[in-house]
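Just so it is clear, the model here is predicted, and its values are computed rather than measured. Side chains included, hydrogens not; waters and symmetry mates left out as well; all remaining heavy atoms used.
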Amino acid sequence: MMESSYIRTYLQQMAASVSTASCDPSSGADEVECRDEAAALRLMMVFVVAILVAGATGVAIPLVGRRCHGHGASSSSSTGGAFVLVKAFAAGVILATGFVHMLHDADEALTDPCLPAAPWRRFPFPGFVAMLAALGTLVFDFVGTHMYERKKHHADAEEAAVVVGNASASANASGHDVIVALLQDGALVASTGSSIGRDGGGHKDPMHIVGMHAHAAAHRHSHAHGHGPCDDCHDGHDEEPSQARHVVVSQILELGIVSHSVIIGLSLGVSQNPCTIKPLGAALSFHQFFEGFALGGCISEAQFKSFSALLMAFFFAITTPAGITVGSGIASFYNPNSPRALVVEGILDSISAGILIYMALVDLIAADFLSKRMSCNLRLQVGSYIALFLGAMAMASLAIWA
């Protein structure tokens with residue numbers, strides 16, 4: 001009974017603390033001196049264009065690079081050394097975004113003096129919400145991948161049934177055998193023939209199905225004849241994550257990035273202070289470029305159709321400029337320093353931090369750095385670690401300005 005009463009009091013304090021009253025204890029003479037609404041509006045128009053171009057350029061580089069590299073090559077070419085380095089750099093960017101930018105911003109918002117000490121400074125809400133977001137991402141990652149793979153499996157089975165049915169009808173009409181081959185890239189090829197598929201007595205076997213995937217899997221997992229753990233890597237048989245994993249990873253990653261982009265766009269848009277807008281806008285341009293580069297690498301690996309990839313890239317590129325535009329439109333009545341705004345910003349940033357930290361560590365870094373291909377290639381290891389640290393340090397350094 002006492003415990004439920006304590007929880008009720010705690011929730012009442014939390015609800016009472018979330019008001020729209022103005023609170024900005026940090027404002028002073030310097031900020032008033034630098035306030036210029038006309039100059040701030042001009043600067044924001046410039047930075048809307050700059051951030052849009054930076055984000056679009058960053059997300060386009062991996063997509064265009066992979067498309068140019070992939071023409072006339074097999075699907076495995078997308079996992080070349082250069083692309084692994086791009087992914088490592090992107091992983092560093094995403095990790096620094098979660099730890100250095102989002103988690104810090106969330107902590108700053110939820111421990112602001114405008115919020116009462118109870119409950120916001122008596123419990124580490126930023127870390128707690130980020131933890132819940134990371135666990136929720138794990139569940140969504142697993143369920144999403146499982147559902148996508150089941151859907152793809154059913155689609156492949158239906159396609160195989162159609163191919164075999166058509167080939168069987170053709171064989172019945174011609175009196176020939178049906179030969180169905182499942183190729184390495186998943187394509188199903190059916191043909192008819194008259195010289196194979198007969199038993200020792202010369203009788204026809206009505207259907208032959210050659211499963212090349214099964215043969216490749218058996219070869220990949222067989223080390224009975226003294227093969228080392230890196231032999232399959234050199235033969236090009238290192239097992240890669242399924243396309244379903246790449247699709248789910250890219251979609252969750254975009255969700256985490258976009259939710260934060262809305263917040264930073266609004267924060268810049270509602271500002272009427274050119275002294276704040278100049279360094280913040282420049283830093284956000286680089287911020288969007290690096291995040292776009294990271295997201296573009298994941299989208300390209302998911303091998304979306306051109307329209308879907310373009311839609312995801314477009315949605316990312318316009319989110320922050322749209323947030324700036326909305327922020328400038330509501331600046332007259334939106335108060336970013338009100339307790340309600342601080343709580344919303346802090347919780348959203350905490351959620352974004354949890355999502356991106358999980359994605360960086362589990363789906364980007366662990367997936368590549370613990371793979372057989374990486375462990376068998378010293379040059380690739382060194383290059384990937386350098387790219388990872390460069391990405392993390394480049395993104396973390398932007399925290400000086402934004």
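The nearest pair of heavy atoms linking Asn335 to Ala341 is O-CB, 3.5 Å. For Leu103 against Ala130, the heavy-atom pair with the smallest separation is CD1-CB, 4.0 Å. Considering all non-hydrogen atoms of both residues, Ala317 and Gly55 come closest at CB-C, 4.4 Å. Here the closest heavy-atom approach between residue Met395 and residue Ala96 is recorded as CB-CB, 3.7 Å. Closest approach of Ala294 to Ala90, counting heavy atoms only: CA-CB, 3.2 Å. Pairing each heavy atom of Phe316 with each of Val258, the nearest pair is CA-CG2, 4.5 Å.
Using a 3.5 Å distance cut-off with no hydrogens or angles, the side chains of Ser271 and Thr276 do not pair a donor with an acceptor. Of the N and O atoms on the side chains of Asp363 and Tyr358, not one donor lies less than 3.5 Å from an acceptor on the other residue.
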Run the numbers on Asp368 and Arg373 for salt bridge (Lys or Arg N to Asp or Glu O under 4.0 Å), then give the verdict. CA-CA 8 Å; Asp368 281 342; Arg373 174 175 186 167; over 6 Å; no
Should His260 and His101 be marked as a ring pair (Phe, Tyr, Trp, His ring centres under 6.0 Å) after you check the CA-CA gap, both sets of side-chain angles, and the distance that decides it? CA-CA 10 Å; His260 179 64; His101 291 268; 7.4 Å; no
List the steps, then state whether side-chain contact (heavy atoms from CB on, under 4.5 Å) holds for Met147 with Val143. CA-CA 6 Å; Met147 291 178 62; Val143 174; 3.7 Å; yes
For the pair Phe315 and Val59, evaluate side-chain contact (heavy atoms from CB on, under 4.5 Å) and give the outcome as yes or no after the intermediate values. CA-CA 11 Å; Phe315 190 63; Val59 76; over 6 Å; no
Does the pair Val139 and Leu135 meet the rule for a side-chain contact (heavy atoms from CB on, under 4.5 Å), with working shown? CA-CA 6 Å; Val139 175; Leu135 294 176; 5.9 Å; no
Where do Glu254 and Ile299 land on the side-chain contact (heavy atoms from CB on, under 4.5 Å) test, with the steps shown first? CA-CA 9 Å; Glu254 175 145 11; Ile299 293 175; 4.3 Å; yes
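Below 30°, between 30° and 60°, or above 60°: for His146 and Phe142 the angle between ring planes is below 30°, a parallel geometry. Aromatic ring orientation, Phe89 versus Phe293: perpendicular (interplanar angle above 60°, classes split at 30° and 60°).
Counting heavy atoms from C-beta outward, Ile351 and Ser259 have side chains that stay 4.5 Å or more apart. Residues Trp120 and Val343 have side chains in contact (heavy-atom distance under 4.5 Å, counting atoms from C-beta outward). Annotation: side chain of Val53 is not in contact with side chain of Ser285 (no heavy-atom distance under 4.5 Å). Looking only at side-chain heavy atoms (C-beta outward), Ser384 and Leu85 come within less than 4.5 Å of each other. Side-chain contact between Leu110 and Glu345 is absent, with no heavy atoms from C-beta onward closer than 4.5 Å. A 4.5 Å side-chain heavy-atom check between Ile357 and Phe99 finds at least one atom pair inside the cut-off. Considering only heavy atoms from C-beta on, Glu301 stays 4.5 Å or farther from Ser250 through its side chain. Contact check for Leu266 versus Ile330: side-chain heavy atoms found under the 4.5 Å cut-off.
Expressed to the nearest 0.5 Å, how far CD1 of Ile264 lies from CD1 of Ile324 amounts to 8.0 Å. A distance of 3.0 Å separates OG in Ser300 from CZ in Phe83, rounded to the nearest 0.5 Å. Between atom SG of residue Cys275 and atom CG of residue Leu280 there is a gap of 12.5 Å, rounded to the nearest 0.5 Å. Atom-to-atom distance recorded for Ser328:OG and Leu43:CG is 12.5 Å, nearest 0.5 angstrom. Distance check: Ser350 OG to Phe125 CZ gives 10.0 Å after rounding to the nearest 0.5 Å. In this structure, the separation between CD1 on Ile257 and CG on Leu295 is 5.0 Å, given to the nearest 0.5 Å.
Judged by distance alone, the side chain of Gln381 and the main-chain N or O of Met374 form a donor-acceptor pair under 3.5 Å. Under a 3.5 Å cut-off, the side chain of Glu291 and the backbone N or O of Ile94 do not form any donor-acceptor pair. Checked by atom type and distance alone, the side chain of Arg121 pairs as donor or acceptor with a backbone atom of Asp112 at under 3.5 Å.
Within 6.0 Å of CZ on Phe140 lie no more than 12 heavy atoms contributed by other residues, nucleotides or ligands. Few gaps surround CZ on Phe369; more than 12 heavy atoms of other groups in view lie less than 6.0 Å from it.
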